[in-house]
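Counting from 1, the numbers follow the sequence of the chain as shown.
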Amino acid sequence: MSSIVFIIGFNYDSNCYLINNKILVDTGAGQNKDYLFSKLRENGVEPEDIELIVNTHCHFDHIGGNHFFPNAKIAVHRLDAISIKNKDTLGTSLSAFEDEGNSRVDIELEDGDQIDDFKVIHTPGHTSGGICLWDGESLISGDTIFAGGGVGRMDIGGDYQDMKNSVEKLMELDVKNIYPGHGPIVENNGKEHIKLSYSLL
């Protein structure tokens with residue numbers, strides 16, 4: 001199993017996750033560089049050690065810190081890459097493009113792609129190109145589902161039926177741990193939280 005370090009979101013930032021000391025899932029809103037770097041260093045990782053940034057979706061609070069890592073490749077689902085590359089502030093919910101580095105996409109992900117031990121699962125609903133990462137035990141869920149039965153809002157580039165279908169797809173997985181885009185993580189009974197999310201849709 002992969003090593004996953006939980007970096008709780010500060011202020012407007014999303015949660016970030018450090019995988020195997022070289023991959024960072026989401027980078028926050030880009031307003032708290034010192035905080036993010038200090039959390040990496042607490043785990044023995046220098047910012048320049050990050051080889052790959054994976055954005056779970058294109059909203060500003062998840063991509064805003066991408067430019068902090070100029071040497072890392074940026075990976076995002078093909079459908080959300082469109083908003084990032086076009087600097088579409090409606091698609092990203094608020095502008096994240098004061099720094100040119102935040103409009104860079106190096107790898108356009110598809111459903112079923114592999115990132116280290118994780119499989120990419122396309123889970124539209126919050127955005128058209130939202131993804132989760134699944135390693136057979138843990139689900140990094142972005143803003144698709146949250147602890148306690150929440151789901152991501154669907155009024156900014158989202159779609160209710162897509163969200164329902166995505167959560168239904170996640171119910172088929174034997175999820176132990178959930179690492180969501182905001183709020184607390186879930187350990188040991190993730191599947192129950194996914195069922196609750198579905199029941200509230």
Side-chain angles (χ1 to χ4, degrees), residues 1-10 13-30 32-33 35-59 61-78 80-81 84 101-102 104-123 126-127 129-147 152 170 173-188 190 193-194:
M1 285 295 137
S2 294
S3 155
I4 306 173
V5 174
F6 171 39
I7 301 173
I8 192 165
F10 180 74
D13 291 339
S14 67
N15 294 336
C16 305
Y17 297 98
L18 175 64
I19 300 175
N20 297 336
N21 291 341
K22 63 181 182 179
I23 297 169
L24 190 62
V25 178
D26 291 329
T27 59
N32 299 296
K33 180 179 181 178
Y35 168 77
L36 179 56
F37 282 14
S38 73
K39 292 298 179 185
L40 294 175
R41 289 178 175 132
E42 280 175 19
N43 290 280
V45 175
E46 289 296 321
E48 54 268 26
D49 295 336
I50 300 297
E51 299 172 4
L52 179 67
I53 302 292
V54 180
N55 293 131
T56 56
H57 61 290
C58 65
H59 284 167
D61 53 331
H62 294 254
I63 70 167
N66 285 5
H67 70 279
F68 297 156
F69 304 92
N71 299 322
K73 298 281 189 190
I74 308 291
V76 66
H77 189 275
R78 165 181 65 83
D80 272 16
I84 293 174
N102 286 346
R104 176 168 62 93
V105 175
D106 301 297
I107 301 166
E108 296 191 10
L109 298 170
E110 296 281 1
D111 187 68
D113 284 352
Q114 200 74 22
I115 298 172
D116 259 32
D117 297 329
F118 288 85
K119 179 183 175 184
V120 173
I121 302 175
H122 182 211
T123 51
H126 183 59
T127 65
I131 62 166
C132 294
L133 300 176
W134 165 242
D135 72 351
E137 183 175 273
S138 297
L139 185 76
I140 300 176
S141 63
D143 286 4
T144 301
I145 54 168
F146 303 113
L170 295 177
L173 306 175
D174 191 18
V175 176
K176 185 177 178 185
N177 310 308
I178 299 174
Y179 296 92
H182 301 274
I185 63 173
V186 174
E187 295 181 299
N188 298 320
H193 290 254
I194 297 171

Are Ile23 and Leu18 packed together at the side-chain level, in the sense that at least one heavy-atom pair is separated by less than 4.5 angstrom?
no

Please examine the side chains of His77 and Glu108, heavy atoms only from C-beta on, and report whether any two atoms are closer than 4.5 Å.
no

Side chain to side chain contact (heavy atoms under 4.5 Å, CB included) partners of Phe68, counting only residues at least two apart
Lys33, Leu36, Phe37

SG on Cys58 to CD1 on Ile84, rounded to 0.5 Å
5.5 Å

Quick one: does Asp116's side chain get under 4.5 Å of Lys22's, heavy atoms only?
yes

Can you find a heavy atom in the side chain of Phe118 that is under 4.5 Å from one in the side chain of Ile4?
yes

Using the rule given for side-chain hydrogen bond (donor to acceptor under 3.5 Å, both in side chains), can you reason through Asn66 versus Thr27, listing the C-alpha separation, both sets of side-chain angles and the distance that settles it, and then say yes or no?
CA-CA 6 Å; Asn66 285 5; Thr27 59; 2.7 Å; yes

Any heavy-atom pair between the side chains of Ile121 and Asp111 that's under 4.5 Å?
yes

Between the main-chain N or O of Ile8 and the side-chain N or O of Asn15, is there a donor-acceptor pair closer than 3.5 Å?
no

Below 30° counts as parallel, above 60° as perpendicular, anything between as tilted: where do the rings of Tyr179 and Tyr17 land?
perpendicular

Side chain proximity check, Ile7 to Tyr35, heavy atoms < 4.5 angstrom
yes

Taking all non-hydrogen atoms of both residues, which atom of Ser2 and which atom of Ile19 are closest, and how far apart?
CB-CG2, 4.1 Å

Heavy-atom closest pair (Ala81 atom, Val105 atom, distance to 0.1 Å) is CB-CG1, 4.0 Å

Closest heavy-atom pair, Arg41 versus Pro47, reported as atoms and distance to 0.1 Å, is NH2-CD, 3.7 Å

Partners passing side chain to side chain contact (heavy atoms under 4.5 Å, CB included) against His67 (at least two apart in sequence or in another chain):
Asp99, Asn102

Val54 to Leu52 - nearest heavy-atom pair and separation:
CG2-CD2, 3.8 Å

So how far is it from Ile107 CD1 to Ile115 CD1, rounded to the nearest 0.5 Å?
7.5 Å

Test item: Asp61 side-chain N/O and Ala29 main-chain N/O as donor-acceptor pair under 3.5 Å
no

Side chains of His59 and Thr127: does their closest heavy-atom pair fall under 4.5 Å?
yes

Can you tell me which residue pairs pass the side-chain hydrogen bond (donor to acceptor under 3.5 Å, both in side chains) test with a partner in residues 129-141, sequence neighbours excluded?
Ser138-Asn177

Non-hydrogen atoms of Ile178 and Val175 that approach each other most closely:
CG1-CG1, 3.8 Å

Counting N and O atoms only, with roles assigned by atom type, does the side chain of Ser14 sit under 3.5 Å from a partner on the main chain of Gly181, one being a donor and the other an acceptor?
no

Look only at the side chain of Asp80 and the backbone of Gly129, and say whether a donor-acceptor pair between them is shorter than 3.5 Å.
yes

Determine yes or no for a side-chain-to-main-chain donor-acceptor pair under 3.5 angstrom, with Asn55 supplying the side chain and His62 the backbone.
yes

Ignoring hydrogens, what is the shortest heavy-atom contact between Pro180 and Ile185? Give both atom names and the distance.
CD-CA, 3.9 Å

Could you grab the distance from atom CG of Asp26 to atom NE2 of His57, nearest 0.5 Å is fine?
7.0 Å

Under a 4.5 Å cut-off applied to non-hydrogen side-chain atoms, are Val120 and Glu110 in contact?
no

